[in-house]
Amino acid sequence: MPLPSGIYNVTYKEDMAILRTWCHWVWLIAFLAFLALIPAFATRSQLNTLITIACSVIAVHGLNLLTGYCGQISMGHSAFVAVGAYTSAIFCNNLGFSFWIAMPLAGLSAGLAGLVFGGPSLRVKGFYLAITTLGAQFIILFVIIHLPSLTGGVRSLDVPPPSLFGYLIETDYSYYYLAMPMAVITTYLVKNISRTGVGRAFVAIRDNDLAAEGMGIALFYNKMLAFFLGCFFAGISGSVYAHYLQTINIEYFTLMDSIWYLAMLIVGGLGQTMGPIFGVIFMVVLRNLIMETAPLISRAVPVLGIEFGAAMSLVVLGLVIMFFLVFEPRGLAHRWEIIKTKFRLYPFPY
Amino acid sequence: MTIFLQYAISGLMVGAIYGLVAVGFVIIVKSSEVFNFAQGELLILGAFVCWALIFQLKLPPWLAVAGTLAFAGLFGMVVERFPLRPMIGQPLFAIIMVTLAVGICLRGFLTAIWGGMSWRVFKPPLLPPEPVRVGKLLLPQQHIYGFFIAVVVVLVLSLFFKYTRAGLAMRIVAEDHKVAQAMGISVRRVFRNSWAMSAILAAIGGILLGSINGINIPLANIGIKAIPAALIGGLQSIPGAVVGGLLIGLLEGLSSGYIGHGVQDVVAYIVMIVVLIFWPHGFFGLETIERV
């Protein structure tokens with residue numbers, strides 16, 4: 001990280017610090033204060049978008065650990081989100097657990113599901129593993145549909161809102177203060193996981209797994225850890241989102257949603273902590289934009305037919321993925337770093 | 001026993017079509033190391049175009065099929081030229097995601113043009129629908145035709161790879177790009193040809209499946225099943241892809257008959273995961289030894 005002129009790292013601690021200068025602290029505190037104050041002036045639909053963003057950020061952070069850092073392509077991420085959502089709902093509905101116990105359990109069960117489908121990563125990798133996780137998508141949804149006594153099958157399942165000290169968190173306004181801190185905590189955790197030995201082992205496995213093994217990294221253990229952590233965050237995200245919506249349906253966790261998660265990761269930038277945040281904001285705003293403009297366009301040009309909205313979101317999703325892979329393969333996070341560096345070094349070129 | 005044979009044979013007949021689409025997948029992997037996730041969408045593209053030519057433009061069926069295959073071939077070449085060629089040398093993840101994105105775009109366009117969930121049925125059907133009786137078995141005639149068309153296409157392909165110059169060129173490119181170039185073979189042209197062939201095979205599969213079951217957008221998910229078929233057979237082997245397709249078709253027929261309807265959608269993936277754990281390169285795939 002280039003530092004402003006006149007500031008030098010002289011100790012290891014300084015070199016590793018996330019917040020190096022007082023300016024960093026000011027920006028961070030200002031940003032967190034801004035996040036905390038948003039509900040004071042945001043409308044209900046804006047809050048709704050922000051909560052969606054917060055939940056997706058948690059899930060994509062998990063995907064980033066698994067795919068971005070460890071290089072294990074997961075094409076079934078929304079299935080693991082579904083495992084979290086349904087576990088949390090079942091624990092709350094059938095066993096009467098409180099949300100605060102059900103949420104970690106949801107994360108754990110999604111993590112265990114991740115271990116099951118990550119198991120083949122011992123023998124296969126790359127494209128083969130991608131197809132195995134694609135299989136996970138279909139198999140998990142199949143299991144959920146065929147356990148109607150627990151999950152309601154194809155019908156929707158009601159989820160109770162969480163409560164804290166007898167206060168029911170069910171409005172957009174109060175739920176924002178649950179979802180957004182969760183996203184912030186997850187970001188902090190993932191940032192720190194990526195800086196520890198585990199994170200460096202993940203990166204080594206991504207870059208060349210044989211070389212990593214040669215350097216003494218336990219390949220299978222670390223791959224399984226990546227699967228567990230990635231799917232754990234997916235489960236947490238599913239739980240938080242399910243209790244926000246208060247009703248879940250199998251329709252929310254399709255293959256297309258998994259591809260949206262991958263697209264968010266690609267747009268944001270793989271293997272960077274800021275990536276999921278930028279990617280999720282970009283894609284959620286884009287999706288809302290499509291959902292608002294598509295009915296207007298199809299009303300103005302009736303030739304396009306009634307399914308124009310669905311078609312347009314597919315085409316735009318595909319084009320965005322292609323565009324970013326061809327022209328900006330390191331994502332928005334990389335662009336952000338370039339801008340920050342320029343700003344920091346101004347007026348010098350480097 | 002009769003019931004068992006009935007399930008097994010009807011499964012095998014659909015499996016032949018999976019095998020056909022899987023061969024298309026394998027051809028691209030062999031020549032250019034690209035894993036084409038848009039195979040399912042290429043399949044419904046062929047089905048939709050053929051349907052539109054026959055029932056919206058009122059062309060005679062043989063002309064419509066020929067037109068569909070020509071269109072599919074051209075479309076394959078276009079896909080190879082625009083999004084795939086800039087990706088040469090990029091990491092695996094990027095290439096997979098680009099083909100996936102091509103598939104999603106295609107799905108979007110098809111939804112916009114022909115509507116998403118509504119079924120399009122070939123009426124009157126391309127192939128005669130009446131079932132025939134063989135002993136005690138009741139075999140749908142469409143499936144028999146589909147099976148034989150798939151078998152003939154695969155046989156023609158294997159002869160093509162063995163005896164024609166273009167087929168030999170494709171085989172050497174699959175072996176080694178540099179050697180191929182040294183022999184004066186244009187690797188680009190071979191990539192283009194293999195994409196065209198793959199798209200044509202997907203279109204044949206699409207027309208067959210479409211004329212048997214009717215077409216809608218989720219039919220593309222059946223096209224994705226060609227990928228487990230190719231993986232079970234081994235990604236580098238054309239006979240392997242056929243065997244994988246037949247195996248998946250057989251297991252789907254048996255499981256949907258004996259366990260219950262709906263299982264056939266996941267059985268391909270369960271079998272694939274089990275096979276990959278014990279034979280990581282599939283049954284006939286190339287075992288690669290990696291060095292650092």
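It should be emphasised that the depicted structure is a prediction, and the values quoted were computed from it without experimental measurement. In the text below, chain A, chain B and the rest are named by the order of the sequence lines, each starting its count at 1.
- Within a 6.0 Å radius of OH in A:Tyr221, other residues, nucleotides and ligands contribute 12 heavy atoms or fewer.
- The distance from the CD1 atom of B:Ile96 to the CE atom of A:Met75 is 7.0 Å, given to the nearest 0.5 Å.
- Using a 4.5 Å cut-off between heavy atoms, B:Phe37 touches chain A through its side chain atoms alone.
- Looking at A:Ile266, only its side chain comes within 4.5 Å of chain B, counting heavy atoms on both sides.
- Within 6.0 Å of the CD atom in B:Gln56, the count of heavy atoms belonging to other residues, nucleotides or ligands exceeds 12.
- For chain B, no part of A:Ser313 is nearby; none of its heavy atoms comes within less than 4.5 Å.
- Interatomic distance, B:Asn221 CG to A:Leu255 CG, rounded to the nearest 0.5 Å: 7.0 Å.
- Residues B:Leu231 and A:Val124 form no side-chain contact, since every pair of their non-hydrogen atoms from C-beta on lies 4.5 Å or further apart.
- Residues from residues 314-328 of chain A that place a non-hydrogen atom less than 4.5 Å from a non-hydrogen atom of chain B comprise A:Leu314, A:Val315, A:Leu317, A:Gly318, A:Leu319, A:Ile321, A:Met322, A:Leu325, A:Val326, given in numerical order.
- Contact of A:Leu270 with chain B is made through the side chain alone, with heavy-atom distances under 4.5 Å.
- In this structure, the portion of B:Ile224 lying under 4.5 Å from any heavy atom of chain A is its side chain and not its backbone.
- The part of B:Met87 that comes within reach of chain A is its side chain, from C-beta onward, which places non-hydrogen atoms under 4.5 angstrom from that chain.
- Of residues 284-292 of chain A, not one residue has a non-hydrogen atom less than 4.5 Å from any non-hydrogen atom of chain B.
- In this structure, chain B has no heavy atom under 4.5 Å from any part of A:Met312.
- Using a 4.5 Å cut-off between heavy atoms, B:Val267 does not touch chain A at all.
- Sequence neighbours left out, not one pair with a member in residues 84-108 of chain B passes ring pair (Phe, Tyr, Trp, His ring centres under 6.0 Å).
- Using a 4.5 Å cut-off between heavy atoms, B:Ile227 contacts chain A through its side chain alone, with no backbone atom that close.
- Interface residues of residues 126-134 of chain A toward chain B, defined by a heavy-atom distance below 4.5 Å and sorted by number: A:Gly126, A:Phe127, A:Tyr128, A:Ala130, A:Ile131, A:Thr132, A:Leu134.
- The candidate from B:Ile113, B:Val263, B:Leu106, B:Asp265 with the greatest count of non-hydrogen atom pairs under 4.5 Å with chain A is B:Val263.
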